[in-house]
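Just so you know, these numbers come straight off a predicted model, no measurement behind them. In what follows, chains carry the letters A, B, and so on, assigned in the order in which the sequence lines appear, proteins first and then strands, with residues in each chain numbered from 1.
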Number of protein chains: 2
Amino acid sequence: MTATLGAVAKQAGVSVSTASRAFNEPGRLSPATVDRVVAAARELGYQPNHAARSLATGRRGSIALVVPDVANPVFASFVKAAQAQGWQQRQAVLLADTDESPELERRLVERLVPQVDGIVLCSSRLDLAELVSLDAGTRVVLVNREVPQLPSVLVDVSTGIRQAVEHLHALGHRRLAYVQGHPLSWSNSERLRLITEHAGRLGLALEVLNPQSPTYDGGIAAAASIRACGATAVVTYNDLVALGAMAQLTAMGVTVPGDVSVIGVDDIAMATMSVPPCTTISVPMDRAGRVSIEVMQGLLGGHQAEPPLVRLETQLKVRGSTGPA
Amino acid sequence: MTATLGAVAKQAGVSVSTASRAFNEPGRLSPATVDRVVAAARELGYQPNHAARSLATGRRGSIALVVPDVANPVFASFVKAAQAQGWQQRQAVLLADTDESPELERRLVERLVPQVDGIVLCSSRLDLAELVSLDAGTRVVLVNREVPQLPSVLVDVSTGIRQAVEHLHALGHRRLAYVQGHPLSWSNSERLRLITEHAGRLGLALEVLNPQSPTYDGGIAAAASIRACGATAVVTYNDLVALGAMAQLTAMGVTVPGDVSVIGVDDIAMATMSVPPCTTISVPMDRAGRVSIEVMQGLLGGHQAEPPLVRLETQLKVRGSTGPA
DNA sequence: GTGAAAGCGCTAACAG
DNA sequence: CTGTTAGCGCTTTCAC
């Protein structure tokens, strides 16, 4: 057991409350006293007991981060940034990985909520009703999911998608395919909506394809249908799918970007390493991580009138996987 | 505020202590009473207050996971597995990312320790003395770092490295290079030691190269010195470096594996996606994650006499990046 | 089998 | 500026 505040107080010859104040509101104490307490504290190797403080204040000093899959580079960078930001704000970060399962997400959230000050849900698949009711219990911040009632930080792919479709159109492509992600996810709906809109505007034919999963393997599996549908250009839900599709297309003897152009979304490191490197829409997940924690902090501090809504801009990064129609 | 145990007790018509027991030692209560309490609890939506429980028991119910870089696929999969395992064991997981900085690691650990039951340090770079003194305060489990006094789970690359060197030797290579990682890290020392040993045994010339960092970019930068040193085969500290080196080598007109063979370590997903796919030593970091949490649990439960030492086997996975000398 | 009561270590009024 | 005093919600002897 580590030294308690009481021990420190005694050692410094003051009362517990004074000792407590030396750490929490040093301004209200005489500098001399503060020094004395601080000295006593380090002498005894005092470490505040977090649980006791929580019990007394009602504050937990930690927030939960819920992501679908930490092993996915996109979320990993998100988590990294969020953790760093949380640390600066003196909040510990409880990590939870839902393994892409809404069911697990529900259970995790349920157990996490009572022990944190707030929770950041990344690409949540919970029902709207659950989300809203959750908000009654804790502070909630949504990332990559738009719900009017809740604060959220969104990656706004509108610019990126527009640029992507225009880029393909400019190259002379007229038949486009979109290999979508999980149909019910907010991100996918957005992407699909935008692609449909711009394809329509520019007069491109659009085919929507379903991969088994939004992963590299999903991309491999999607290659056949890409070729089958006759599109000369394809936008995928994310880079992983794009990469898988490119690899398999190449293996099938279809050249990229000679026969078909491919564009992914996320701008993960691997997108630059493939051959050819993958054109992609750059999604600032590290910024999303930082921002989401900032928003959370805002919520924990002063309560703002309406839920903040942060949109993060995206941009097309042209690389070798797109070319002449 | 959520309902308290007191409220549940009242609702069930029992005392607080009985209510408490209904959850903690139901065996000591009449089944009927347990049912009554449980019913009352769910009726009121009771959620135990973690802080209060901690204060009373001294147990925190959470463990910290400290890794150098969550964005590194190797650690990401480690974290994912550890988190999943922790969840099953009903331990929340506090995540900390040291950003490869021993300095930050020290500060993080210091702050984390008082609020957890135990801490898992992955590829720690702390001084031996710090590590040992740390152990006095909490339960500590080391991953990828061997310290006699402490329990650790190690990835044992001996088999993998031996197979790698033998494989290269069998292909006819006689001049080998090792592009090392952080020189002071335990993993690197191990790898270097083993490569030196086997190269010597088989009569291979060995050159040790220093990349700027154990990353993809580090690999790119190392390509020049690889060619310069005249080696026909190279083993790198990890896959990221291998991939970077392969890409740059190719860009420089050196063919892989025609002119030089490359072998990495980690078996990250990307290793299969490169062109050619990268031969690598498979390191089971997901198992390491699970096992480390199990070891931690063992420590938290019964205190064993001597610190457990778990070694995880590795194996060479031959792919396209190695070939004729 | 169940209840009463004493804290766990800290904070936050409320006095002085 | 500093001390006194209640708790925060739960676990845990110790009785009955």
Nearest-neighbour nucleotide for the [X] side chain, [options] considered:
{"X": "A/Asn49", "options": "C/dC14, C/dT2, C/dC10", "value": "C/dC10"}
{"X": "B/Ala52", "options": "C/dC10, C/dG3, D/dC10", "value": "D/dC10"}
{"X": "A/Ala56", "options": "C/dA12, C/dG9, D/dT2", "value": "C/dG9"}
{"X": "B/Ser17", "options": "C/dA4, D/dG9, C/dC10", "value": "C/dA4"}
{"X": "B/Thr4", "options": "C/dT2, D/dC10, C/dC14", "value": "D/dC10"}

For a 4.5 angstrom cut-off between non-hydrogen side-chain atoms, does [X] reach [Y]?
{"X": "B/Val67", "Y": "A/Gln83", "answer": "no"}
{"X": "B/Asn49", "Y": "B/Thr4", "answer": "no"}
{"X": "A/Leu154", "Y": "A/Ser152", "answer": "yes"}

Rounding to an integer number of Å, can you tell me how far [X] [atom1] sits from [N] [atom2]?
{"X": "A/Gln115", "N": "D/dC10", "atom1": "CD", "atom2": "P", "value": "13 Å"}
{"X": "A/Arg28", "N": "D/dG3", "atom1": "CZ", "atom2": "P", "value": "13 Å"}
{"X": "B/Leu5", "N": "D/dC8", "atom1": "CG", "atom2": "P", "value": "14 Å"}
{"X": "A/Lys10", "N": "D/dT2", "atom1": "NZ", "atom2": "C1'", "value": "19 Å"}
{"X": "B/Arg21", "N": "C/dG3", "atom1": "CZ", "atom2": "P", "value": "8 Å"}
{"X": "A/Arg59", "N": "C/dT11", "atom1": "CZ", "atom2": "C1'", "value": "9 Å"}
{"X": "A/Glu25", "N": "D/dT2", "atom1": "CD", "atom2": "C1'", "value": "12 Å"}
{"X": "B/His50", "N": "D/dT11", "atom1": "NE2", "atom2": "C1'", "value": "14 Å"}

Nearest-nucleotide 5' precedence on DNA chain D, B/Leu55 against A/Thr33: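 Result: A/Thr33.
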Interatomic spacing from CG in A/Asp99 to CG in A/Asp69 - rounded to 0.5 Å: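 CG of A/Asp69 is found 6.5 Å from CG of A/Asp99.
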Kindly say if [X] contacts the phosphate of [N], meaning a side-chain N or O under 4.0 Å from OP1 or OP2.
{"X": "A/Thr57", "N": "C/dT11", "value": "no"}
{"X": "B/Ser30", "N": "C/dT2", "value": "yes"}
{"X": "B/Ser15", "N": "C/dG3", "value": "yes"}

When all nucleic acid strands are considered with a 4.0 Å heavy-atom cut-off, which category describes [X]: base, sugar-phosphate, or nothing?
{"X": "B/Ser20", "value": "base"}
{"X": "A/Tyr46", "value": "sugar-phosphate"}
{"X": "B/Arg53", "value": "sugar-phosphate"}

Does a side chain donor of either A/Ser187 or A/Ser185 reach within less than 3.5 Å of an acceptor in the other side chain?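 There is no such pair (donor and acceptor under 3.5 Å, judged by atom type) between the side chains of A/Ser187 and A/Ser185.
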